[in-house]
2 protein chains.
Amino acid sequence: MKENKYYTIYHQLAEKIENGEMEAGSLLPSEHILAEQFGASRETIRKALNLLSQNGYIQKIRGKGSVVLDVKKFDFPVSGLVSFREIAESSGKAWRTNVHELVLIRPDDALARQLKISGKEEVWQVVRSREIDHENIILDKDYIRKKFVPSITRDICEISLYQYFEKTLGLVISFAKKEITVEKATEEDYKYLDMGEYNHVVVVRNHVYLDDASLLQYTESRHRLDKFRFVDFARREHR
Amino acid sequence: MKENKYYTIYHQLAEKIENGEMEAGSLLPSEHILAEQFGASRETIRKALNLLSQNGYIQKIRGKGSVVLDVKKFDFPVSGLVSFREIAESSGKAWRTNVHELVLIRPDDALARQLKISGKEEVWQVVRSREIDHENIILDKDYIRKKFVPSITRDICEISLYQYFEKTLGLVISFAKKEITVEKATEEDYKYLDMGEYNHVVVVRNHVYLDDASLLQYTESRHRLDKFRFVDFARREHR
DNA sequence: TAGTGGTCTAGACCACCAG
DNA sequence: TGGTGGTCTAGACCACTAA
């Protein structure tokens with residue numbers, strides 16, 4: 001289990017910044033000096049610094065140096081690919097997942113289009129509500145291609161599908177396309193969620209792709225308005 | 001105006017993929033071969049391929065090659081840093097910006113905290129509503145540090161602040177932190193927006209940073225529920 | 001002008017995949 | 001086993017910033 005050199009360097013520098021050993025606003029040592037200190041080539045150092053920059057730890061300025069940013073001022077990108085469990089656990093609140101449905105279906109036309117597959121391919125349908133502080137505020141509807149995930153149990157749905165996919169099945173999730181809109185609540189929303197006075201939900205549609213660019217899963221995550229929050233950290237692309 | 005070599009290669013390959021010259025699902029030539037073809041080193045080719053991968057054109061698979069993705073299947077990330085004007089123009093719909101306020105203020109405590117400045121520093125306050133298909137559906141409240149932008153005119157507010165900042169003033173915007181929530185509509189929302197039956201708005205809070213990591217601007221963009229849409233293309237980070 | 005980060009090169013070794 | 005992408009090196013030249 002050997003880690004990349006540049007990744008190790010990234011971690012060490014990130015830790016120093018988080019600890020406050022590197023003061024916000026100050027400059028990192030130059031790339032030449034870091035290369036000496038870590039016994040690495042400058043290009044390797046640069047890979048580590050690019051990671052730091054992408055994750056909001058530093059800002060590189062040509063001709064000047066790498067400025068340490070104030071990490072505490074940003075709550076970090078709830079990157080597009082984080083499981084409910086990770087968020088819930090880090091929040092420190094009481095949480096629970098209720099599994100309402102776990103069946104194998106053949107998709108109707110609309111779903112087949114979302115999954116970009118034929119209507120004949122079998123698909124797992126998982127419907128779960130998420131309870132936080134004893135209120136059901138999120139309804140997750142997952143559609144997973146049986147081709148990639150032969151079996152699923154209720155227990156797995158209660159803990160974490162992602163963990164099961166990645167740790168147990170060894171699937172490598174590589175990217176996801178997310179779309180956020182607000183829509184009128186459906187009967188299903190009223191049935192499974194504690195809607196209170198609200199009659200709309202925030203809908204997050206998510207297409208999850210594997211390593212080899214094939215589509216693994218389509219997810220519809222429906223949130224009660226007042227509990228929804230999404231954070232994004234966008235870096236300007238080249239040019 | 002010379003372009004980077006790797007950026008030129010990126011553009012040429014991206015164009016071929018968009019034109020359909022490289023078929024979706026097929027493999028790109030190997031990195032060694034591309035290096036020969038373009039008369040570049042392999043590392044330079046790899047920089048171009050990484051850009052293609054980051055922008056959803058290809059998926060790299062170790063030991064196998066670089067798979068061309070079906071570009072048409074993705075509508076692209078309305079990356080965090082796109083102006084209203086760009087979106088409105090590309091939609092092909094009738095649009096208009098109404099400027100309601102353009103004044104120099106000293107921020108109150110709440111705003112000073114958002115901008116991370118002292119209450120003594122002067123700030124431009126710009127309030128605009130956005131009309132699409134003859135309905136006011138977005139309310140944009142911008143707060144811009146006078147330190148970086150000495151003067152603003154009504155005309156500029158009607159066209160594009162971003163264009164003015166970047167093209168005319170030469171400011172280089174480098175990253176932004178965005179937060180999306182849903183909140184009860186305020187009196188101001190009712191005043192400037194055609195709220196119809198709705199009593200909530202989607203609020204996008206945006207902190208915009210410059211090249212040297214200083215905060216340029218805080219923006220609150222308030223959208224009528226039914227017209228809001230946000231797309232995000234998230235790539236799994238290393239590990 | 002000295003020092004910084006940005007680009008580019010030519011070559012090396014490795015881990016992974018397919019036949 | 002041969003070819004692929006992933007990592008790493010040592011060195012070079014450039015554009016930019018600050019003194």
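Here is how names work: the chains are called A, B, and so on, in the same order as the sequence lines, proteins then strands, and each is numbered from 1.
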Q. What residues form a side-chain contact (heavy atoms from CB on, under 4.5 Å) with A:Glu23, not counting sequence neighbours?
A. A:Ser26
Q) Got a sec, which residues hit side-chain contact (heavy atoms from CB on, under 4.5 Å) with B:Lys64, two or more places apart in sequence or on another chain? A) B:Ile61
Donor-acceptor pairs under 3.5 Å, side chain of residues 27-40 of chain B to any protein atom, not counting sequence neighbours: which ones?
residue: B:Ser30; atom: OG; partner: B:Ile33; partner atom: N; Å: 3.3
residue: B:Glu31; atom: OE1; partner: B:Arg42; partner atom: NE; Å: 2.9
residue: B:Glu31; atom: OE1; partner: B:Arg42; partner atom: NH2; Å: 3.1
residue: B:Glu31; atom: OE2; partner: B:Arg46; partner atom: NH1; Å: 3.2
residue: B:Glu31; atom: OE2; partner: B:Lys60; partner atom: NZ; Å: 3.3

Length of the [atom1]-[atom2] vector between [X] and [N], whole Å:
| X | N | atom1 | atom2 | result |
| --- | --- | --- | --- | --- |
| B:Glu43 | C:dC13 | CD | C1' | 13 Å |
| B:Ile58 | D:dG5 | CD1 | C1' | 11 Å |
| A:Leu49 | C:dT7 | CG | P | 14 Å |
| A:Arg42 | D:dA12 | CZ | C1' | 10 Å |
| A:Asn4 | C:dC13 | CG | C1' | 14 Å |
| B:Leu28 | D:dG5 | CG | P | 8 Å |
| A:Lys5 | D:dT9 | NZ | C1' | 9 Å |

[X]: what forms a side chain to side chain donor-acceptor pair (under 3.5 Å) with it, not counting sequence neighbours?
| X | result |
| --- | --- |
| B:Thr219 | B:Asp142, B:Gln217 |
| A:Gln114 | A:His207 |
| B:Lys141 | B:Glu188 |
| A:Glu101 | none |

Q: Can you sort out the partners of B:Glu220 under salt bridge (Lys or Arg N to Asp or Glu O under 4.0 Å), two or more places apart, ordered by chain and number?
A: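 Checked B:Glu220 against salt bridge (Lys or Arg N to Asp or Glu O under 4.0 Å); matches are B:Arg205, B:Arg222.
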Q) Using a heavy-atom distance cut-off of less than 4.0 Å, which residues of residues 8-15 of chain B contact DNA chain C? A)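 None, since no heavy atom is under 4.0 Å.
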Q) Among residues 29-39 of chain B, which contact DNA chain C at a heavy-atom distance under 4.0 Å? A) B:Gly39
Q) Is it the case that A:Arg128 and A:Thr97 place a side-chain donor and acceptor less than 3.5 Å from each other? A) no
Can you check nucleotides 16-19 of chain C for protein contacts, nitrogen or oxygen pairs under 3.5 Å, and list what you find?
none

Q) Angle class for the B:Tyr10/B:Tyr7 ring planes (parallel below 30°, perpendicular above 60°, tilted otherwise)? A) tilted
Under 4.0 Å from OP1 or OP2 of [N]: is there any side-chain N or O of [X] that close?
| X | N | result |
| --- | --- | --- |
| B:Thr44 | C:dT9 | yes |
| A:Arg46 | C:dG5 | no |
| B:Tyr6 | C:dC8 | no |

Q.
Tell me which pairs pass salt bridge (Lys or Arg N to Asp or Glu O under 4.0 Å) where either residue lies in residues 151-165 of chain B, with sequence neighbours left out.
A.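 Of all non-adjacent pairs touching residues 151-165 of chain B, none passes salt bridge (Lys or Arg N to Asp or Glu O under 4.0 Å).
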(Q) Between A:Ile45 and B:Asn50, which residue's closest nucleotide on DNA chain D lies nearer the 5′ terminus? (A)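 Of the two residues, B:Asn50 wins.
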